[in-house]
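No experiment lies behind these values; they were computed from the predicted model shown.
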Amino acid sequence: MERQERKSGILNAPLLSLLKAGEWATEQEIARSTGLAGLRLERELKSLRRFGFAIESAGSGFRLAGAPDAFFPDELTYALDTAVIGRNIVVLERVSSTNDAAWELAGNGAADGLVVLAEEQTHGRGRMGRSWFSPRGGLWMSIVLIPGQPAERATAITMAASVAVARAIRTFPGCDASIRWPNDILIDGRKVAGVMVETGSSRSLHGTFILGIGVDVNCTEFPREIEPLATALAVHAGGKIRPADLARLIIRFLDELYSQIVRGEHAAIGDEWLALSSTVGQRITIMRNGRTYRGEVVDMDPVAGLMVRLDSGFVRAFKGEHVTVVK
Ligand code: BTN
């Protein structure tokens with residue numbers, strides 16, 4: 001598999017975190033909280049600048065004035081205090097698909113919650129065999145999940161991921177995200193993010209899920225076929241957003257929701273999904289196994305799936321995995 005990893009241990013995370021936290025940091029403050037001074041400080045600042053961080057200096061203080069779209073494992077792990085998701089993070093500068101990389105790592109014994117991030121995917125995959133546009137400037141992330149529960153957890157994981165992504169996007173002003181079942185996150189009716197869950201098929205990977213999350217953060221030029229349907233966060237936020245900042249929020253929210261899934265507590269996830277969903281109450285046409293179903297969406301159940309009152313009056317549950325919603 002084509003893969004280029006960005007190793008950990010290449011930048012000073014405590015220093016970066018201090019610079020990110022405030023306006024100006026004085027040399028004394030830096031020395032107190034990171035132990036860095038003189039030549040050692042200069043060396044670390046130089047290395048941050050080399051990775052694309054713009055650091056201004058004035059008098060005896062320093063300030064972060066800009067940061068690259070790139071991901072750094074040290075920066076992410078330093079800022080996270082999650083229980084499971086993101087305890088281990090692999091950053092790839094370029095990979096065919098983070099889902100493929102995550103499956104390979106899962107096959108080699110990766111722990112529950114391992115996060116694989118890529119700055120660019122050359123063969124990003126979407127649901128139902130579609131390809132997924134994944135240039136630089138986006139957030140392309142896969143997570144190994146081993147909840148120790150039966151396979152019907154896939155629906156709950158999809159819902160939790162949608163909630164975590166929508167919640168994280170909504171923290172940015174102007175980014176009023178909603179969920180469209182089964183796996184789309186929309187802003188102003190256009191798709192800004194998608195989630196998908198793949199289940200392990202081999203005996204050794206039975207009970208393992210790979211959750212793939214793709215968010216268009218700063219890429220504002222799209223291939224012609226998705227141009228009318230797609231959007232980027234930067235368009236709505238009125239400027240670039242750092243993919244690493246969004247990743248950290250999603251990981252944190254997902255960690256909280258995943259622990260609820262593992263405990264079998266789905267009610268809160270279902271309620272938040274409904275509050276964020278643009279699907280419930282709408283008329284919907286669903287294609288499943290070559291059959292067409294029409295009706296009104298009445299509810300969403302984290303285990304059974306989407307509940308639809310069909311035109312016959314019968315209420316039927318649909319799981320998201322094998323369906324197409326026709327507008
Ligand atoms: C969809 O809406 O069809 C789901 C898209 C999921 C895309 C993400 S990007 C990270 C991960 N790696 C992939 O190849 N796909 C998922």
Side-chain angles (χ1 to χ4, degrees), residues 2-27 29-30 33-34 36-58 60-80 86 88-95 98 101 115-122 124 133-142 168-169 171-172 175 193 213-221 232-252:
E2 181 193 357
R3 173 197 296 194
Q4 219 172 304
E5 185 166 350
R6 177 164 297 123
K7 297 279 180 209
S8 50
I10 56 174
L11 56 72
N12 191 300
L15 173 62
L16 181 57
S17 158
L18 181 69
L19 291 172
K20 279 167 72 180
E23 277 292 281
W24 290 91
T26 63
E27 282 186 18
E29 276 165 354
I30 294 176
S33 71
T34 68
L36 292 169
L39 277 178
R40 282 184 59 222
L41 174 59
E42 253 174 52
R43 204 177 50 223
E44 297 298 351
L45 288 169
K46 195 170 158 196
S47 126
L48 284 176
R49 287 185 174 119
R50 205 179 52 238
F51 286 120
F53 292 91
I55 299 162
E56 292 176 353
S57 56
S60 59
F62 298 92
R63 184 172 80 141
L64 190 67
D69 277 349
F71 300 103
F72 299 91
D74 310 284
E75 182 194 0
L76 286 160
T77 20
Y78 186 80
L80 282 170
N88 296 297
I89 296 182
V90 172
V91 170
L92 304 169
E93 291 176 49
R94 192 182 156 94
V95 70
T98 52
V115 170
V116 182
L117 279 158
E119 286 157 19
E120 184 184 359
Q121 297 185 120
T122 52
F133 176 60
S134 330
R136 286 186 177 276
L139 169 53
W140 323 124
M141 169 162 84
S142 297
I169 290 177
T171 63
F172 296 95
C175 299
I213 297 177
V215 188
D216 191 325
V217 186
N218 295 321
C219 345
T220 48
E221 283 175 21
L233 271 192
V235 172
H236 305 271
K240 283 180 92 177
I241 285 177
R242 213 166 152 234
D245 292 338
L246 182 67
R248 203 173 43 245
L249 286 169
I250 294 175
I251 290 170
R252 210 175 269 157

From the list Ile250, Asp245, Asp216, Leu233, side-chain contact (heavy atoms from CB on, under 4.5 Å) partner of Leu139 resolves to Ile250
Are any non-hydrogen side-chain atoms of Leu76 and Leu117 less than 4.5 angstrom apart? yes
Are the side chain of Asn218 and the backbone N or O of Ile241 linked by a donor-acceptor pair below 3.5 Å? yes
Considering residues at least two apart in sequence or located in another chain, which fulfil the salt bridge (charged side-chain N to carboxylate O under 4.0 Å, His left out) criterion with Asp69? Lys240
What heavy-atom pair brings Ala232 and Cys219 nearest, and what distance separates the two atoms? CB-O, 3.3 Å
Compile the donor-acceptor pairs under 3.5 Å between side chains in residues 6-24 and protein atoms, sequence neighbours left out, one pair per line.
from  : atom 1 : to     : atom 2 : distance (Å)
Arg6  : NH1    : Phe71  : O      : 2.8
Arg6  : NH1    : Glu119 : OE2    : 2.3
Asn12 : OD1    : Leu15  : N      : 3.0
Lys20 : NZ     : Glu75  : OE2    : 2.6

Taking only residues two or more places apart in sequence or in another chain, which ones pass side-chain hydrogen bond (donor to acceptor under 3.5 Å, both in side chains) with Thr122? Glu2
Taking all non-hydrogen atoms of both residues into account, name the closest pair between Ala244 and Ala70 and its distance. CB-O, 4.4 Å
Distance-only donor-acceptor hits, side chain of residues 44-58, under 3.5 Å, sequence neighbours excluded:
from  : atom 1 : to    : atom 2 : distance (Å)
Arg49 : NE     : Ile55 : O      : 3.3
Arg49 : NH2    : Ile55 : O      : 2.9
Glu56 : OE1    : Arg63 : NE     : 3.2
Glu56 : OE1    : Arg63 : NH2    : 2.9

Can you confirm whether Phe72 sits close enough to Val91 that some side-chain heavy atom of one is under 4.5 Å from a side-chain heavy atom of the other? no
Tell me every residue that passes side-chain contact (heavy atoms from CB on, under 4.5 Å) with Ser134, counting only those two or more places apart in sequence or in another chain. Gln121, Trp132, Trp140
Does Arg40 have any salt bridge (charged side-chain N to carboxylate O under 4.0 Å, His left out) partners at least two apart in sequence or in another chain, and if so, which? none
Check the pair Leu249 / Thr171 against side-chain contact (heavy atoms from CB on, under 4.5 Å), numbers first and verdict last. CA-CA 9 Å; Leu249 286 169; Thr171 63; 3.4 Å; yes
Kindly indicate whether the side chain of Ile169, heavy atoms from C-beta on, has any atom under 4.5 Å from the side chain of Leu246. yes
Check the pair Leu92 / Val116 against side-chain contact (heavy atoms from CB on, under 4.5 Å), numbers first and verdict last. CA-CA 7 Å; Leu92 304 169; Val116 182; 3.7 Å; yes
Determine, stepwise, if the pair Leu80 / Ile89 fulfils side-chain contact (heavy atoms from CB on, under 4.5 Å). CA-CA 11 Å; Leu80 282 170; Ile89 296 182; 3.9 Å; yes
Would you say that Phe62 contacts Thr26 through its side chain, given a criterion of any heavy-atom pair below 4.5 Å between the two side chains? no
Smallest heavy-atom separation, Arg136 atom then Glu120 atom, equals NE-OE1, 3.5 Å
